[in-house]
A.B. asks: 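Please see the structure below; I have some questions.
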Amino acid sequence: MDPFLTTLPDPLSIRTACRTVIQRAHWVSLDFSALPTLADRLPHPLPNLPAWDHPLHWRGTPEQTANYVLLLDALNFCFWGEPRWQVEYGGRTYDGYWALAASLRRALDCGLPLWDPHFLSRLTDAEITALFAGQGTIPLLEWRIRHVREIARGLIEHCRGSFATLIAAAGGSSIELVRLVVGTFPSFDDVATYDGQRVPFYKRAQLLCTDLAGAFRGTGLGCFHDLDLLTAFADYKLPQVLRAFGVLRYHPELAARIDARQEIPAGSPEEVEIRAATVLAVDALTLSLRTRGLPAAPWRVDWALWQLGQNLPPDAPPYHRTRSRFY
Ligand SMILES: Nc1nc2c(c(CN[C@H]3C=C[C@H](O)[C@@H]3O)cn2[C@@H]2O[C@H](COP(=O)(O)O)[C@@H](O)[C@H]2O)c(=O)[nH]1
């Protein structure tokens with residue numbers, strides 16, 4: 001195990017659990033010798049909060065924006081499929097995360113108050129489905145519908161209709177906000193079990209914090225003093241990038257299954273090892289950048305790797321396919 005990996009703080013007990021997984025792992029290993037090549041491919045400076053500024057994102061009043069970002073990240077999972085679900089907006093066609101962002105932006109442009117939990121609670125299944133109209137069907141549509149209802153219910157019953165209430169209760173700590181979000185909105189409570197041990201990833205809850213910081217440009221409801229304590233957001237694109245650069249190495253049998261686009265079951269040892277290795281690889285990359293004297297944090301390395309993943313060459317090995325509402 002790389003000596004680096006014992007030094008980052010671990011307030012959510014994610015790093016400790018991931019280290020235990022990787023020490024017992026059968027399917028996935030980390031090759032730290034591949035880090036310098038990948039580090040050379042990252043932009044410097046690393047992405048910071050303005051990276052969130054994008055025409056497909058939306059801002060209203062502060063309270064509306066906070067509710068919108070919560071809804072966006074409650075739906076921010078599992079966009080893969082053949083063919084991929086696509087959405088057209090402003091004369092362009094999007095897939096993946098950007099198709100989701102386009103869906104919400106399109107509805108908001110039509111005057112639908114998606115930031116209003118009372119409005120959300122009155123939407124029928126068919127009306128929620130219509131939000132995601134496009135080429136093909138958004139994967140895991142049933143879960144999308146249930147997550148919309150979960151957000152509406154949680155905001156009304158626990159936040160007096162406003163996510164800003166929960167953000168205020170976190171007192172400027174993204175770590176505390178993660179704890180509050182996973183306790184209030186069950187779909188964010190992203191915890192796996194490996195060899196009988198609890199392995200938290202909290203991927204969408206942690207990404208929600210950096211998305212808030214981006215949406216508010218680090219001020220007001222997006223002002224957190226501890227974003228650098230967050231781990232990477234263990235999705236399906238980062239492992240693809242890390243594997244393409246040789247940092248993540250898969251057992252030949254697992255590599256063959258992923259390359260054949262076979263589904264990897266949610267909660268399987270293979271899936272948990274991939275996610276745990278992703279978290280630790282980004283920590284190691286962060287620390288190796290810091291030893292070069294470069295300012296780095298896992299969330300900023302994550303955003304950089306995710307952007308790299310948006311432009312991988314078509315012959316790059318595919319990402320693993322797990323049907324999950326957690327990422
Ligand atoms: N680890 C990590 N995972 C991220 C993001 C984002 C979007 N954030 C960007 C938006 C504005 C800022 O610039 C942020 O960089 C989406 N995802 C995940 O990717 C997957 C979708 O991928 P594809 O099928 O190719 O669209 C899916 O699991 C989705 O949840 C991130 O930043 N980090």
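Ligands are counted one by one from 1 in listed order, and the atoms in each one are counted from 1 as well. A quick note: this is a predicted structure, and the numbers were derived from the prediction, not measured. Start at 1 with the first residue, then count along the sequence.
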A.B. asks: Would you kindly check if the NZ (Lys) or CZ (Arg) of Arg106 is within the cone defined by 45 degrees around the ring axis of Tyr89 and under 6.0 Å from the six-membered ring centre?
C.D. replies: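 Pair Arg106/Tyr89 does not count as cation-pi.
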
A.B. asks: Could you go through ligand 1 and list every pair where one of its N or O atoms sits under 3.5 Å from a protein N or O, giving the atom names and the distance to one decimal?
C.D. replies:
| residue | atom | partner | partner atom | Å |
| --- | --- | --- | --- | --- |
| ligand 1 | 1 (N) | Phe233 | O | 2.9 |
| ligand 1 | 1 (N) | Asp302 | OD1 | 3.2 |
| ligand 1 | 1 (N) | Asp302 | OD2 | 2.9 |
| ligand 1 | 3 (N) | Asp235 | OD2 | 3.3 |
| ligand 1 | 13 (O) | Ala51 | O | 3.3 |
| ligand 1 | 13 (O) | Gln307 | NE2 | 3.3 |
| ligand 1 | 17 (N) | Trp306 | NE1 | 3.3 |
| ligand 1 | 19 (O) | Asp235 | OD2 | 3.2 |
| ligand 1 | 19 (O) | Trp306 | NE1 | 2.9 |
| ligand 1 | 24 (O) | Arg84 | NH1 | 3.4 |
| ligand 1 | 24 (O) | Arg84 | NH2 | 2.4 |
| ligand 1 | 24 (O) | Tyr236 | OH | 2.9 |
| ligand 1 | 25 (O) | Lys237 | NZ | 2.4 |
| ligand 1 | 25 (O) | Gln310 | NE2 | 2.9 |
| ligand 1 | 26 (O) | Tyr97 | N | 2.6 |
| ligand 1 | 30 (O) | Asn76 | O | 2.9 |
| ligand 1 | 30 (O) | Asn76 | OD1 | 2.7 |
| ligand 1 | 30 (O) | Lys203 | NZ | 2.4 |
| ligand 1 | 33 (N) | Asp302 | OD1 | 2.7 |

A.B. asks: Would you please indicate yes or no on a ring centroid separation below 6.0 angstrom for Tyr68 and Trp58?
C.D. replies: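 Between Tyr68 and Trp58, which both carry aromatic rings, the centre distance is below 6.0 Å.
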
A.B. asks: Looking at Asp73, Thr231, Asp302, which one forms a side chain to side chain donor-acceptor pair (under 3.5 Å) with Gln206?
C.D. replies: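 Running side chain to side chain donor-acceptor pair (under 3.5 Å) over Asp73, Thr231, Asp302 with Gln206 returns exactly one hit, Thr231.
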
A.B. asks: Could you go through the side chain to side chain donor-acceptor pair (under 3.5 Å) check for Tyr327 and Asn76 one step at a time?
C.D. replies: CA-CA 7 Å; Tyr327 63 95; Asn76 187 2; over 6 Å; no

A.B. asks: Does Arg144 count as lying over the ring of Phe77, i.e. NZ or CZ under 6.0 Å from the six-ring centre, within 45 degrees of the axis?
C.D. replies: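 The answer is yes; both the distance and angle limits are met.
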
A.B. asks: Would you please indicate if the ring centroids of Trp98 and His57 are separated by under 6.0 Å?
C.D. replies: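 Yes, the ring of Trp98 comes within the 6.0 Å limit of the ring of His57, centre to centre.
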
